[in-house]
Enquirer: 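Structure below; questions to follow.
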Amino acid sequence: MPMNALELIELSPVMPVIVIRDPDTAVDLARALVAGGIRTLEITLRSAAALDAIAAIQDQVPEAVVGAGTVRTPQQLDDALRAGARFGISPGLTDDLAHAAQATGIPFLPGVATASEAMRAAELGFRVQKLFPAEAVGGEALLKAWQGPLPDLIFCPTGGIHAGNAARYLALPNVGCVGGSWLTPASAVEARQWDAITALAREACALAAG
Ligand SMILES: O=C(O)C(=O)C[C@H](O)[C@H](O)COP(=O)(O)O
């Protein structure tokens, strides 16, 4: 069922940013996160195993909505789509990427860090954007300041978000969800500590609830 970017970020308050190192962990990791209440999974294209991981999760974990992160080029977006990605996220935006993303019809969140970047992305049709790197560029204070001049834009802040600050971001009216790698510590994934990851996911979803 096709969905738009707003519907995507409303599926789950927290979007884990996942770097898959060992492709054999992808499906179990996705299942562990889903068991904790997470629906959306961003698999970054930063590792060689990413496309296979997206395909395996799409095929074997129907409760998850899996997408590609760190999408920097139209070619990467195309590869991700072929693997089964249902959305794309980028740390930034280029003209080529914007046009390619529009042509796919899947939700695409461009990365922005300034008001001008947010305005340009909005002009190109992207109302839902990734604020990156959120903590480094001003975090909650920046998002509060943008509510006045950019009231129609919704953000997924990512970069420096963790269990200790996620709830404050989620309380802001211009935040749809937050992204972060804190739910999937490399050590826990390597040790296949799926219960620990489910607990982190559950804790993250509870933060959002209140
Ligand atoms: O891979 C990408 O596309 C990125 O843009 C970077 C990630 O979003 C951050 O690495 C997540 O930030 P942390 O939660 O602070 O680890």
Side-chain angles (χ1 to χ4, degrees), residues 5 8-9 12-21 26 29-30 33 36 38 40-54 57 65-81 83 85-94 96-98 100-101 104 106-114 117-118 121 126 128-140 142-143 154-170 172 175-190 196-197 200-201 203-205 207-208:
L8 170 75
I9 64 165
S12 192
V14 177
M15 170 119 53
V17 176
I18 304 168
V19 182
I20 296 287
R21 292 187 177 84
L29 176 57
L33 290 163
I38 298 287
T40 48
L41 309 177
E42 174 187 341
I43 308 292
T44 85
L45 299 183
R46 278 188 269 151
S47 73
L51 293 174
D52 285 345
I54 290 170
I57 294 168
V65 175
V66 63
T70 330
V71 178
R72 292 176 50 190
T73 66
Q75 181 65 53
Q76 285 180 316
L77 187 61
D78 196 46
D79 291 344
L81 265 179
R86 294 170 64 189
F87 61 90
I89 303 190
S90 179
L93 187 64
T94 67
D96 284 354
L97 193 51
T104 66
I106 61 167
F108 182 82
L109 273 58
V112 301
T114 67
E117 289 168 7
F126 303 99
V128 181
Q129 306 174 358
K130 164 175 171 163
L131 177 70
F132 176 77
E135 281 283 290
V137 299
E140 290 167 71
L142 179 107
L143 287 161
I154 303 289
F155 298 94
C156 171
T158 306
I161 316 282
H162 50 76
N165 62 9
R168 291 199 295 274
Y169 277 96
L170 288 164
L172 299 174
V175 168
C177 69
V178 297
S181 61
W182 87 94
L183 274 60
T184 55
S187 55
V189 177
E190 269 162 36
I197 286 173
L200 285 170
E203 178 197 38
C205 292
L207 283 173

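Numbering of residues begins at 1 and proceeds along the displayed sequence. As the structure lists them, so they are numbered: ligands from 1, and atoms in each ligand from 1. As the structure is a prediction and not an experimental result, all values here were calculated from the model.
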Enquirer: If you measure every N or O of F132 against every N or O of ligand 1, does any of those distances drop under 3.5 Å?
Expert: no
Enquirer: Would you confirm whether S12, through its side chain, and M15, through its main-chain N or O, come within 3.5 Å as a donor-acceptor pair?
Expert: no
Enquirer: Using only atom types and a distance under 3.5 Å, with no angle test, would you say the side chain of D52 pairs donor to acceptor with the backbone of A49?
Expert: no
Enquirer: Taking the non-hydrogen atoms of K130, is any one of them nearer than 4.0 angstrom to ligand 1?
Expert: yes
Enquirer: Using a 4.0 Å heavy-atom threshold (strictly under), name the region of T158 that reaches ligand 1: side chain, backbone, both or neither.
Expert: side chain
Enquirer: Please confirm whether W182 comes under 4.0 Å of ligand 1, counting heavy atoms of the residue only.
Expert: no
Enquirer: Please report the interatomic distance CG(L33) to CG(L41), rounded to the nearest 0.5 Å.
Expert: 6.0 Å
Enquirer: Taking distance alone, with no angle check, do S181 and ligand 1 share an N/O pair under 3.5 Å?
Expert: yes
Enquirer: Relative to the heavy atoms of G160, which atoms of ligand 1 are at a distance of less than 4.0 Å?
Expert: 13 (P), 15 (O)
Enquirer: Which atom pair, heavy atoms only, marks the closest approach of P91 to T70?
Expert: CD-CA, 3.8 Å
Enquirer: Please examine the side chains of I9 and F87, heavy atoms only from C-beta on, and report whether any two atoms are closer than 4.5 Å.
Expert: no
Enquirer: With a 3.5 Å distance limit and no angle check, can you tell me whether T158 reaches the backbone of F132 through a side-chain donor-acceptor pair?
Expert: no
Enquirer: Closest heavy-atom contact between L97 and P74?
Expert: CD1-N, 4.0 Å
Enquirer: Show me which atoms of ligand 1 lie under 4.0 Å from any heavy atom of G159.
Expert: 12 (O), 15 (O)
Enquirer: Nearest protein heavy atom to atom 3 (O) of ligand 1, by residue and atom, and its distance?
Expert: T70 OG1, 2.9 Å
Enquirer: For P91, take its heavy atoms, then give the atoms of ligand 1 lying under 4.0 Å from any of them.
Expert: 5 (O)
Enquirer: How long is the gap from CG on L93 to NZ on K130, to the nearest 0.5 Å?
Expert: 13.0 Å
Enquirer: Of all the atoms in ligand 1, which lie at a distance below 4.0 Å from a heavy atom belonging to G180?
Expert: 14 (O)
Enquirer: Counting both backbone and side chain atoms, is some N or O of R46 under 3.5 Å from an N or O of ligand 1?
Expert: yes
